[in-house]
Amino acid sequence: MNFNQTYSVIIRTKNSGRTIKRTLDSLLKQSHSPTQIIIVDSGSTDDTLSIVKKYNVLILYYPTNIPFNYSKAINIGVGNAVNKYILILSSHVEFLNKKSVHFMYKELHKSNKCIAVSLHRTNLKVKKVVNGSNDLNKEVIDMKSFQGKAMFNFCSFIRKSSWKEYPFNTSIPSCEDQDWSYYFIKKGFYSVIILDTLISYQNPYYNVNKDALDTFTIG
């Protein structure tokens, strides 16, 4: 199956100067690069904005008069996306395979019942060559296998039409990805998590509070 669709990328940033260049450079080296990259910045005070302005990106700013919300930030980005396919990407991710997005697209395109494809993260920069999607180690999440986690918004591929049906839930403080995927899984859809090492996740600002919120929300 050829990847013949355009896609938009949504990247949330705040003080991502230490990682955002690697993220963007590895994204643009994909075998099928995006036609639109949207940066949603939440008040960066480092060199994040000066770095991203060197790329062909659309920069949007999270409203300063309301508290930050993960869902709100993504919804701002997706609402401005012009393509039917959306890649939600962390500013701390680096692709380790030039066909990572291609593999995600192929999984999503297999069935209209697949609502999201995510890449599992690793903190190790281990480069693993994957020859094709038939070789991928993956996990399919449906109602029978759902145990609280079904997608990861540090690297998830979705359809904008699904987001239009159910935007990310701004009433919860975190775990917007799990809430979103579970909404569809309850309706008979499924998600796919690719377990192979196709990305590196290097977040220098590890958020213990968010982990606690995630655990509380999922639980």
Side-chain angles (χ1 to χ4, degrees), residues 3 5 7-12 23 26-27 30 32 34 70-71 73-75 77-78 81 83-124 126 128 130 133-163 165-169 172 174-187 189-203 207 210-211 214-215 217-218:
F3 189 167
Q5 296 288 342
Y7 66 101
S8 299
V9 182
I10 312 301
I11 304 177
R12 294 173 292 183
T23 299
S26 67
L27 173 64
Q30 287 295 293
H32 193 91
Y70 290 99
S71 295
I74 294 180
N75 289 342
V78 180
N83 294 309
K84 63 185 292 186
Y85 291 100
I86 309 292
L87 173 63
I88 302 170
L89 188 64
S90 168
S91 59
H92 310 300
V93 161
E94 179 181 2
F95 288 104
L96 300 179
N97 189 297
K98 291 184 178 180
K99 297 187 72 174
S100 297
V101 175
H102 176 74
F103 296 148
M104 298 173 78
Y105 169 79
K106 289 181 74 173
E107 290 295 329
L108 187 68
H109 202 261
K110 281 182 180 179
S111 171
N112 288 332
K113 286 293 185 179
C114 180
I115 49 92
V117 180
S118 302
L119 296 185
H120 201 275
R121 68 187 177 192
T122 177
N123 290 324
L124 300 175
V126 178
K128 179 177 180 179
V130 180
S133 59
N134 291 334
D135 301 322
L136 293 177
N137 180 25
K138 60 194 175 186
E139 185 176 2
V140 176
I141 311 295
D142 56 18
M143 275 302 295
K144 292 182 180 179
S145 57
F146 180 79
Q147 295 182 338
K149 292 186 178 182
M151 67 182 287
F152 303 110
N153 269 350
F154 50 78
C155 190
S156 285
F157 206 58
I158 66 172
R159 298 177 183 87
K160 186 169 181 178
S161 58
S162 300
W163 174 85
E165 176 179 336
Y166 186 65
F168 289 96
N169 188 352
I172 55 177
S174 64
C175 282
E176 77 290 336
D177 42 8
Q178 311 313 332
D179 171 85
W180 190 86
S181 54
Y182 189 56
Y183 168 88
F184 289 100
I185 287 172
K186 288 189 297 183
K187 298 177 67 173
F189 293 82
Y190 69 90
S191 68
V192 173
I193 299 174
I194 298 175
L195 303 173
D196 290 285
T197 306
L198 299 176
I199 58 171
S200 171
Y201 183 82
Q202 302 286 327
N203 187 350
N207 192 334
K210 184 179 184 305
D211 273 0
D214 288 352
T215 302
T217 305
I218 292 176

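Predicted model only: the values in this text are computed from it and were never measured. The chain is numbered in sequence order, starting from 1.
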Closest heavy-atom contact between I10 and A81? CD1-CB, 4.5 Å
Residues at least two apart in sequence or cross-chain that pass side-chain hydrogen bond (donor to acceptor under 3.5 Å, both in side chains) with K98, listed by chain then number, are none
CZ-CG distance between F157 and L87, expressed to the nearest 0.5 angstrom: 6.5 Å
Applying salt bridge (Lys or Arg N to Asp or Glu O under 4.0 Å), can you list everything that pairs with E139, at least two apart in sequence or on another chain? none
Within the structure provided, determine whether S181 and I141 are in side-chain contact (heavy-atom separation under 4.5 Å). no
Main-chain N/O of V101 paired to Q30 side chain as donor or acceptor, under 3.5 Å: yes
Could you walk me through whether I158 and M151 pass side chain to side chain contact (heavy atoms under 4.5 Å, CB included), step by step? CA-CA 10 Å; I158 66 172; M151 67 182 287; 4.1 Å; yes
Going by the rule side-chain hydrogen bond (donor to acceptor under 3.5 Å, both in side chains), which residues pair with D177 if we only count those two or more places apart in sequence or in a different chain? none
So, do V140 and S145 sit near enough that their side-chain heavy atoms are less than 4.5 Å apart? no
By side-chain contact (heavy atoms from CB on, under 4.5 Å), Y166 pairs with (sequence neighbours left out) N169, D179, W180, Y183, F184
Can you find a pair of side-chain heavy atoms, one from F154 and one from I199, that are under 4.5 Å apart? yes
Heavy-atom side-chain proximity of R159 to N112 below 4.5 angstrom: yes
N/O donor-acceptor pair under 3.5 Å between N75 side chain and F168 backbone: yes
Can you find a pair of side-chain heavy atoms, one from I86 and one from W163, that are under 4.5 Å apart? no
How close do I193 and A150 get, heavy atom to heavy atom, and via which atoms? CG1-O, 3.7 Å
Got a sec, which residues hit side-chain hydrogen bond (donor to acceptor under 3.5 Å, both in side chains) with S156, two or more places apart in sequence or on another chain? S118
Atom pair OG1/NE2 of T197 and H120 - distance to nearest 0.5 Å: 9.5 Å
Ignoring hydrogens and angles, tell me if any N or O in the side chain of Q202 forms a donor-acceptor pair with the backbone of V93 under 3.5 Å. no
Has R12 got a side-chain atom pairing as donor or acceptor with G77's backbone, closer than 3.5 angstrom? no
State, to 0.1 Å, how close I115 and S191 come at their nearest heavy-atom pair, and which atoms those are. CD1-CB, 4.3 Å
Residues in side-chain contact (heavy atoms from CB on, under 4.5 Å) contact with S111, at least two apart in sequence or another chain: K113, Y190
Kindly say whether L198 contributes a backbone atom to a donor-acceptor pair with the side chain of N97 at under 3.5 angstrom? no
If I take atom OH from residue Y85 and atom NE2 from residue H109, how far apart are they, to the nearest 0.5 angstrom? 4.0 Å
To the nearest 0.5 Å, what is the distance between CE on M104 and NE2 on H32? 13.5 Å
Between atom CD1 of I74 and atom CD1 of I88, what is the distance when rounded to the nearest 0.5 Å? 4.5 Å
Residue set satisfying salt bridge (Lys or Arg N to Asp or Glu O under 4.0 Å) with K84, at least two apart, ordered chain then number -> none
Roughly how far, to the nearest 0.5 Å, is SG of C175 from CG of N153? 10.5 Å
Less than 4.5 Å apart, side chain to side chain, heavy atoms only: is that true for M143 and Y182? yes
With F95, which residues qualify under ring pair (Phe, Tyr, Trp, His ring centres under 6.0 Å), at least two apart? none
What is the minimum heavy-atom distance between E107 and I194, and which atoms define it? CG-CD1, 4.2 Å
Please name all residues satisfying side-chain contact (heavy atoms from CB on, under 4.5 Å) with K144, sequence neighbours left out, ordered by chain then number. D142
In chain order, what residues pass the side-chain hydrogen bond (donor to acceptor under 3.5 Å, both in side chains) check against S71, with sequence neighbours excluded? none
Listed by chain and number, what are the side-chain contact (heavy atoms from CB on, under 4.5 Å) partners of S91, not counting sequence neighbours? I11, T13, S16, I20
